[in-house]
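Note that the structure is a prediction, hence the values are computed from the model and not measured.
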Amino acid sequence: KGKTKGKASKGKGKAKGESKSKKGKAEKGHAVKAKSADPSVLSEQPGGREAEQEAWAARAAETCLAWAAGPLLEDRFVAPLWQLLAEHPVGSVDPETGGAFWGGTRRVPERDLMRLDPNPQGPQALLVATAARLRADCLLGPSSPVARALRSRFSPQAAAHAIAAQANKDKPASADAAAPTGHVGQAARLIARHAAWRKGGGPLKAEAPEPLAFEKDDDANGHLDFVTAASNVRALSYGLEPADRLETKRVAGNIVPAIATTTAVVAGLSCLEVVKLVKLQLEGATASPFQRKTTALGLHRNAFLSLALPFFAFSEPVEAEEYPFGNRDLGGGDDDDDDERGGEEEALPKSFTLWDVLDVRPPAEMVGEEGGRDLTLRQLIAAVESAAGEGAILRSLSLEDTLVYSDFGQPQGAEAVNVLDAPVPLVLRRLGKLGSGGELFVDLDALVEDDEDGEPLDLPPVRYHLAKGPSYPV
């Protein structure tokens, strides 16, 4: 009887186990079914995670559409045309030619077409819909089931609604406030929400963002639709006939290979010239300067090519034009005068080309001094005048469009002493011409004259090598 009762109990336990197993399989099957559910139809299952996932999908689609209608359509296709007309009104004069700015190949934008158009049948709606779809593909991955499920939400009607919302949005008062600065954060939030669903075991599968490679022969990826819509919006803005999808595909097929081929040829020829430079450095270390110059001219080539003709031509480069270095003559000059100038200036050349610079560095004995590693402005002026030769006077130093020093516009009294005795990096930072760090040198343009006759002297750009400039406070 005990054995019979044990067997019965064992059988009952087995039945319970099978019942639990079947129940677990049923729950597992339900989970698999939910995992493959389409987020676009989750609204049919209200409550629980499905409703939250549906709300997330709606927000994700709305975010992509808002980006396509605002930062893309308005900021890239509409606002620049109004800015162009504001800078060059109809009837304005071209400052370069003196003739009418608009005319010939320059078409005046159509004012009636330079506005946001919430027409579902218009080209702007197609542009916003296709751009929103591609943005979702970039953020979620084109092969992601979530991205494929979101595509049904990027309809022309939804795009028209996003355009209307963008048109009714209050615009910032300044152009700087309208700059699209929040796109990275917006994308990060979208990805974070997506990753949260993956961590929570929901049906959304997070994938890393990836760039999309243009493919014109795949009709299902939406690439050609976007290019067609973007080109038609631009064409209609200038009163041009729009192109259909087949015409866009034909033009894209002709343009992409030509650009890639020409770029490859130019890159290859440039690399060959770099290899020649390296070869000269490795093999010509013991050669004289004249031998290195003549060898370099014989090795290098100028290339002229046109793949459309086709036409390929190569020529030897000509020697760079030489200019007298300061007070030094190209013809030679008196050796006795050179000896009187000192050993430091004997190393300076008598001529220079457009490829040369005058290097100025802090002396070696200043490197170890605390806080005194850089030259002052007064010391830099003296170094340039010494390099230019006897009787040379530095009239001005400039960096790009900013005057750093001038002998006719400098402050007087104690303020002048403070400026001239300040380190060069500090002077440049006060003028806003030096960043917070990372700069190795600055190239300054020097205006030097002969003190006797006032004639200007030619000098290459003065390259001052910074020692401690970026660390100076303003």
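- For the pairing with V404, the side-chain contact (heavy atoms from CB on, under 4.5 Å) check across V442, V427, L380 returns one residue only, V427.
- With hydrogens and angles disregarded, a donor-acceptor distance shorter than 3.5 Å links the side chain of K276 to the backbone of L299.
- With a 4.5 Å cut-off on side-chain heavy atoms, P109 and L85 count as touching.
- Counting only heavy atoms from C-beta outward, the side chains of L420 and Y405 approach each other to under 4.5 Å.
- In terms of heavy atoms, E241 sits closest to A235 at O-CB, 4.3 Å.
- Separation of atoms CZ (F325) and CG (L358) is listed at 4.5 Å; rounding is to 0.5 Å.
- With hydrogens and angles ignored, the 3.5 Å screen pairs a side-chain donor or acceptor of Q124 with a backbone N or O of D117.
- Here the side chains of V462 and D443 are not in contact, with every heavy-atom distance at 4.5 Å or above.
- Among residue pairs with one or both ends in residues 219-234, those qualifying as side-chain hydrogen bond (donor to acceptor under 3.5 Å, both in side chains) are D219-R245, N221-H223, D225-R245, T228-T248; sequence neighbours excluded.
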Working note: L307 + F312, criterion side chain to side chain contact (heavy atoms under 4.5 Å, CB included); need CA distance, chi angles, decisive distance, verdict. CA-CA 8 Å; L307 299 182; F312 297 87; 3.7 Å; yes
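- At distances below 3.5 Å, at least one donor-acceptor pair connects side-chain atoms of T63 with backbone N or O atoms of R59.
- Nearest heavy-atom pair, P324 versus F352, reported as atom, atom and distance to 0.1 Å: O-CE2, 3.4 Å.
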CA sep, side-chain torsions, deciding dist, call: W82, R115, side chain to side chain contact (heavy atoms under 4.5 Å, CB included): CA-CA 10 Å; W82 288 105; R115 294 178 175 84; 4.0 Å; yes
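- Contact detail for L394 and E385: the closest heavy-atom pair is N-OE2, 3.0 Å.
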Take R151 and D137 through the test side chain to side chain contact (heavy atoms under 4.5 Å, CB included) and record every step on the way to the result. CA-CA 9 Å; R151 290 170 190 171; D137 287 349; 3.3 Å; yes
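- Residues D401 and K433 are paired through a salt bridge, judged by an N-O separation under 4.0 Å between the basic side chain and the carboxylate.
- By the 6.0 Å and 45° rule, R107 does not stack over the aromatic ring of W102.
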Apply side chain to side chain contact (heavy atoms under 4.5 Å, CB included) to the pair E74 and L116, showing each step before the final yes or no. CA-CA 7 Å; E74 185 172 29; L116 294 177; 4.0 Å; yes
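- Heavy atoms from other residues, nucleotides or ligands lying under 6.0 Å from CD of E62 number 12 at most.
- When all heavy atoms of A446 and V384 are compared, the closest pair comes out as CB-CG1, 4.3 Å.
- In this structure, D374 contributes its side chain and A467 its backbone to a donor-acceptor pair below 3.5 Å.
- Here the shortest heavy-atom pairing between L72 and F77 reads O-CD1, 3.4 Å.
- If you take CZ on R106 and CG on D94, they are separated by 4.5 Å, rounding to the nearest 0.5 Å.
- Atom CG of L150 sits about 10.0 Å away from atom CG of L65, to the nearest 0.5 Å.
- Remark: R361 is not positioned above the aromatic ring of Y464, lacking an NZ or CZ atom under 6.0 angstrom from the ring centre and at most 45 degrees off the axis.
- Other residues, nucleotides and ligands contribute more than 12 heavy atoms inside 6.0 Å of the CZ atom of R395.
- Side-chain atoms of F314 and N302, non-hydrogen and from C-beta on, never get closer than 4.5 Å to each other.
- Interatomic distance, CH2 of W67 versus CG of L73, reported as 10.5 Å (0.5 Å rounding).
- Using a 4.5 Å cut-off on side-chain heavy atoms (C-beta onward), V265 and T263 make no contact.
- Other residues, nucleotides and ligands place no more than 12 heavy atoms under 6.0 Å from the CD atom of E452.
- Here the side chain of Q379 pairs a donor or acceptor atom with the backbone of T376 at under 3.5 angstrom.
- Rounding to the nearest 0.5 angstrom, the gap separating the CG atom in D421 from the CG atom in L426 is 11.5 Å.
- Here the side chains of E316 and R301 are in contact, with some heavy-atom distance below 4.5 Å.
- More than 12 heavy atoms of other residues, nucleotides or ligands lie within 6.0 Å of CD in E215, so this atom counts as buried by the packing criterion.
- The distance from atom CG of L139 to atom CG of L134, rounded to the nearest 0.5 Å, is 11.0 Å.
- At least one side-chain heavy atom of E247 sits less than 4.5 Å from a side-chain heavy atom of D244.
- Side-chain contact check for L403 versus S396: some heavy-atom pair is nearer than 4.5 Å.
- Contact between A66 and P71 at its shortest, heavy atoms only, is O-CD, 3.7 Å.
- Checking side-chain atoms of R463 against main-chain N and O of L444 turns up no donor-acceptor pair under 3.5 Å.
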